[in-house]
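Report on one structure; see the data block that follows.
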Amino acid sequence: QVQLVESGGGTVHPGGSLRLSCTASGSEFSFIRYAVAWFRQAPGKEREFVAAISQRTGSSPIANSVKGRFTIAKDSAKNTLILQMSSLKPEDTAVYYCAAARGIIMSQLRFHSGYNYWGQGTQVTVSS
């Protein structure tokens, strides 16, 4: 079993920054074995891919809507996944979830159906 706990959400003005963290626990978890990702879901909308890190190659695809503004990173020593968000826009408002999956292939990284472990989510609100 893998447990994921997000933190770092909050309310920020447009143009501001936030840093989300997701700490993974469980005896079998490691970034070598598990792909990890961030998704988000706004009210009335489907869950949307934000960014991921592959367990196989370490490559990190990112959604076009956040490219150049968001950065995904990992701290292997702390089993922590990070999403650094800058130049935030009102349309970034959503609940942000981290997710993990073992054995997921590269072409499936952007699809939430491929992940079997999820955090509880953290709210990010961008408003003036």
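Nothing fancy with the numbering, it's 1 onward along the sequence.
Judged as a disulfide (SG to SG under 2.5 Å), the pairs with a partner in residues 47-102 (not counting sequence neighbours) are, in order, Cys22-Cys98.
With a 4.5 Å cut-off between side-chain heavy atoms of Ile, Leu, Val, Met, Phe, Trp and Tyr, the cluster of Val5 takes in none. Other cluster members for Ile104: Phe39, Phe49, Val95, Tyr97, Met106, Leu109, Tyr115, Trp118, joined by side-chain heavy-atom distances under 4.5 Å among Ile, Leu, Val, Met, Phe, Trp and Tyr.
Remark: Phe29 pairs with Phe31, Tyr34 by the ring-ring contact (aromatic ring centres under 6.0 Å, His included) rule, at least two apart or across chains. Considering only residues two or more places apart in sequence or on other chains, Asn79 meets the side-chain hydrogen bond (donor to acceptor under 3.5 Å, both in side chains) condition with none of them. In terms of the salt bridge (Lys or Arg N to Asp or Glu O under 4.0 Å) criterion, Arg19 has no residue partners (sequence neighbours excluded).
Between Glu48 and Glu46, every side-chain heavy-atom pair lies at or beyond the 4.5 Å cut-off. At least one side-chain heavy atom of Asp92 sits less than 4.5 Å from a side-chain heavy atom of Arg40. Annotation: side chain of Ile82 is not in contact with side chain of Ile72 (no heavy-atom distance under 4.5 Å).
Formation of a donor-acceptor pair under 3.5 Å by the Arg69 side chain with backbone atoms of Ser87 is found in this model. Between the side chain of His13 and the main chain of Ser127, a donor-acceptor pair closer than 3.5 Å is present. Glu6 places a side-chain N or O within donor-acceptor distance of the main-chain N or O of Gly121, the cut-off being under 3.5 Å. Remark: the backbone N or O of Glu91 is not paired with any side-chain donor or acceptor of Thr93 at under 3.5 angstrom. With hydrogens and angles ignored, the 3.5 Å screen pairs a side-chain donor or acceptor of Thr122 with a backbone N or O of Gly9.
The distance from atom CD of Gln55 to atom NZ of Lys74, rounded to the nearest 0.5 Å, is 9.5 Å.
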- [ ] I would like to know whether Val124 and Met85 meet side-chain contact (heavy atoms from CB on, under 4.5 Å); could you show each step before the answer?
- [x] CA-CA 10 Å; Val124 171; Met85 307 184 294; 3.9 Å; yes

Open item on the list: Assess the residue pair Arg33 and Arg102 against the criterion (side-chain contact (heavy atoms from CB on, under 4.5 Å)); give the C-alpha distance rounded to whole Å, side-chain angles, the decisive distance to 0.1 Å, and a yes or no.
Closed with: CA-CA 6 Å; Arg33 288 191 290 268; Arg102 184 168 183 172; 3.3 Å; yes

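Taking every heavy atom of both residues into account, Leu4 and Ala100 meet most closely at CD1-N, 3.8 Å. Closest approach of Ile62 and Ala51 over heavy atoms only: CG1-CB, 3.9 Å. Among all heavy-atom pairs drawn from Pro14 and Ser128, the shortest one is CD-N, 3.7 Å. Shortest non-hydrogen contact noted between His112 and Arg47 is CD2-O, 4.0 Å. Annotation for Leu18 and Leu88: closest pair N-CD1, 3.9 Å, computed over non-hydrogen atoms. Among all heavy-atom pairs drawn from Ser21 and Thr80, the shortest one is CB-CG2, 4.1 Å.
Taking hydrophobic clusters as Ile, Leu, Val, Met, Phe, Trp and Tyr residues chained together by side-chain heavy-atom distances below 4.5 Å, Ile53 shares a cluster with Tyr117.
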